[in-house]
2 protein chains.
Amino acid sequence: MYPKFLKEHASLKDKVYLYLKDEIARGNLKPGERIKEKEIAHQFDISRTPIREALLQLEAEGFVRFLPRRGIIVRELTVKEITDVWQTIGVLEGGAAALAATRMNKRDLSNLERLTQRMEKALDEDNYDEYNRLNLRFHETFLKKSGNEQLYEIIIRLKKRIYEHPVKMVTIPEWERKAFREHLELLKIFKQKDAQKAETYLREVHWNLEENLPFILKSYFQEE
Amino acid sequence: MYPKFLKEHASLKDKVYLYLKDEIARGNLKPGERIKEKEIAHQFDISRTPIREALLQLEAEGFVRFLPRRGIIVRELTVKEITDVWQTIGVLEGGAAALAATRMNKRDLSNLERLTQRMEKALDEDNYDEYNRLNLRFHETFLKKSGNEQLYEIIIRLKKRIYEHPVKMVTIPEWERKAFREHLELLKIFKQKDAQKAETYLREVHWNLEENLPFILKSYFQEE
DNA sequence: GGAGGTAATCATGTATCCAAAATTTTTGAA
DNA sequence: TTCAAAAATTTTGGATACATGATTACCTCC
């Protein structure tokens with residue numbers, strides 16, 4: 001049946017859209033795998049129409065590909081795509097941070113401060129789920145503070161693209177700890193209100209491709 | 001009938017998609033205006049299905065909005081959206097330039113050089129169409145040289161979003177000349193292979209919001 | 001047993017049909 | 001004449017039906 005989190009009155013298209021996206025995220029639908037409209041339609045006991053519309057939307061967002069007249073498949077994420085997206089997020093977050101740096105007030109800074117403290121605690125307790133939630137909130141905080149909604153939306157979309165793809169995002173403690181230290185440094189830069197430094201730090205350090213590549217490869221392409 | 005540039009074998013959905021996008025770009029479909037599926041269907045003498053699919057795709061790209069059960073309208077571009085997109089393009093082009101700066105070779109640089117020379121000539125002759133084409137090529141050159149395809153794609157999409165919206169992009173000679181001088185400066189920076197400077201220059205000068213805002217407002221919201 | 005060609009099957013792309021919600025028009029009473 | 005309620009119409013959301021290109025299965029011939 002439908003996943004429970006769906007609004008009762010949502011359109012069938014939206015229900016199917018969320019369902020399929022979730023299936024892709026969980027890896028139940030694997031990259032390269034074929035998606036057959038009729039199968040899904042049968043599964044939900046609805047017609048192909050809303051299925052097709054949902055798939056079209058997923059295509060626009062890069063999750064599936066329509067091969068004309070030949071089928072619909074879950075898109076593969078190549079190393080090149082992942083690293084390009086990674087780097088792009090770095091550019092965007094750098095820009096957002098530069099904007100945010102000059103707009104942060106005392107309250108924002110102490111919010112970030114508190115988040116880092118809780119992150120440290122979570123790491124100490126090996127509570128990586130909690131850490132990830134806090135990490136997300138840390139980033140959301142300064143991204144929103146940039147005041148640029150388009151920038152924010154695009155970043156969210158890109159992150160979904162790589163995080164919600166069929167990946168068992170394994171936790172790599174070493175990686176998390178590295179990221180944590182970088183958050184501390186970033187906070188320090190925010191306190192100095194140094195926009196240029198914030199930009200550079202995020203783009204060239206926090207999201208630096210070379211430094212993170214081994215971890216990225218490990219979490220996306222490790223055997224198991 | 002169909003616009004002439006359409007491939008013969010394209011799907012109806014794709015034909016309609018391109019047609020509608022073009023209509024929006026030309027301003028034949030104005031922001032806020034309602035799009036009725038049946039009308040278009042009748043116009044092309046095809047069924048509503050491909051129309052709907054095309055509209056869905058346009059929605060995903062931000063050109064139209066589906067108001068559930070109430071209709072489909074051409075999206076308004078607010079000042080806020082335009083300026084946010086503008087700023088975001090600056091961030092992205094800055095990042096692309098930083099990457100490109102270290103990868104440019106002699107040939108690339110002399111290509112850019114030649115383009116600026118032709119741009120200058122075009123400006124002298126008040127040939128703004130030609131200038132715009134060259135301007136586009138200048139940007140494409142270093143964007144592609146970044147080597148990051150995702151970055152490139154996103155920039156293209158954003159530019160389409162603001163340039164292909166119902167706007168009579170008037171030419172403002174003063175603006176074009178300002179941009180031209182900035183291209184010269186950028187070229188100089190590329191020659192120095194200074195990535196950081198290239199990033200900052202594009203983000204904080206060439207795409208600087210405050211400096212360009214009057215021009216933007218003039219081309220998007222002028223009365224006539 | 002393998003290669004090549006042909007028929008059967010299947011999935012997509014499009015058309016048509018139906019139902020429900022929203023909008024517009026009409027009607028009727030104050 | 002005005003305004004509200006009801007009827008008629010329009011429009012979207014979804015279901016069903018059909019056509020065509022692609023894939024698969026099968027069969028023949030070597």
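From a predicted model like this one, the values you see are computed outputs, not experimental measurements.
- Judged by closest nucleotide on DNA chain C, B:Pro50 is the one of B:Pro68 and B:Pro50 placed further toward the 5' end.
- Atom CG of B:Asp45 and atom C1' of C:dT14 are 13 Å apart (whole Å).
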At a cut-off of 3.5 Å, list every protein nitrogen or oxygen paired with a nitrogen or oxygen from nucleotides 17-21 of chain D, distance to 0.1 Å.
unit_1	atom_1	unit_2	atom_2	d
D:dT20	O2	A:Arg69	NH1	3.0

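- Taking 4.5 Å as the limit, some side-chain heavy atom of B:Met104 sits within range of a side-chain heavy atom of B:Leu112.
- B:Lys15 places its NZ atom 14 Å from the P atom of C:dG13, with the value rounded to the nearest Å.
- With the nearest nucleotide of DNA chain D identified for both B:Thr49 and B:Lys36, B:Lys36 has the one nearer the 5' end.
- In this structure a side-chain-to-backbone donor-acceptor pair under 3.5 Å is present from B:Lys30 to B:Gly27.
- Closest-nucleotide positions on DNA chain D for B:Arg34 and A:Glu53 were compared, and the one nearer the 5' end corresponds to B:Arg34.
- Rounded to an integer number of Å, the gap from A:Arg52 CZ to C:dT14 C1' is 9 Å.
- Nucleotide C:dA15 holds its C1' atom 14 Å from the CD atom of B:Glu37, rounded to whole Å.
- Taking the six-membered ring where tryptophan is involved, the planes of B:Phe138 and B:His183 are perpendicular, since the angle between them exceeds 60° and thus also 30°.
- Between A:Tyr131 and A:Phe180, the ring center distance fails the sub-6.0 Å criterion.
- Residue B:Arg70 has a polar side-chain atom (N or O) positioned under 4.0 Å from OP1 or OP2 of C:dT23.
- In this structure a side-chain-to-backbone donor-acceptor pair under 3.5 Å is missing from B:Asn28 to B:Leu20.
- Taking atom CG of A:Asp14 as the reference point, atom P of D:dG14 lies 8 Å away to the nearest angstrom.
- Listed nucleotides: D:dG13, D:dA22, C:dA15. Nearest to the side chain of B:Leu12: C:dA15.
- Neither side chain, A:Lys13 nor A:Tyr17, offers a donor N or O lying under 3.5 Å from an acceptor on the other.
- What separates CG of A:Leu56 from P of C:dT14 is a distance of 11 Å, to the nearest Å.
- Computed from coordinates, the B:Lys13 NZ to C:dT14 P distance equals 9 Å when rounded to whole Å.
- In this structure, B:Ile35 reaches the sugar-phosphate backbone alone: every heavy-atom distance under 4.0 Å involves primed, P, OP1 or OP2 atoms, never a base.
- Here the closest heavy-atom approach between residue A:Leu143 and residue A:Ala96 is recorded as CD2-CB, 3.6 Å.
- Atom-to-atom, CZ of A:Arg65 to P of C:dA11 comes out at 20 Å; the value is rounded to the nearest Å.
- Within the 4.0 Å cut-off from OP1 or OP2 of C:dT14, not a single side-chain nitrogen or oxygen of B:Ser47 is found.
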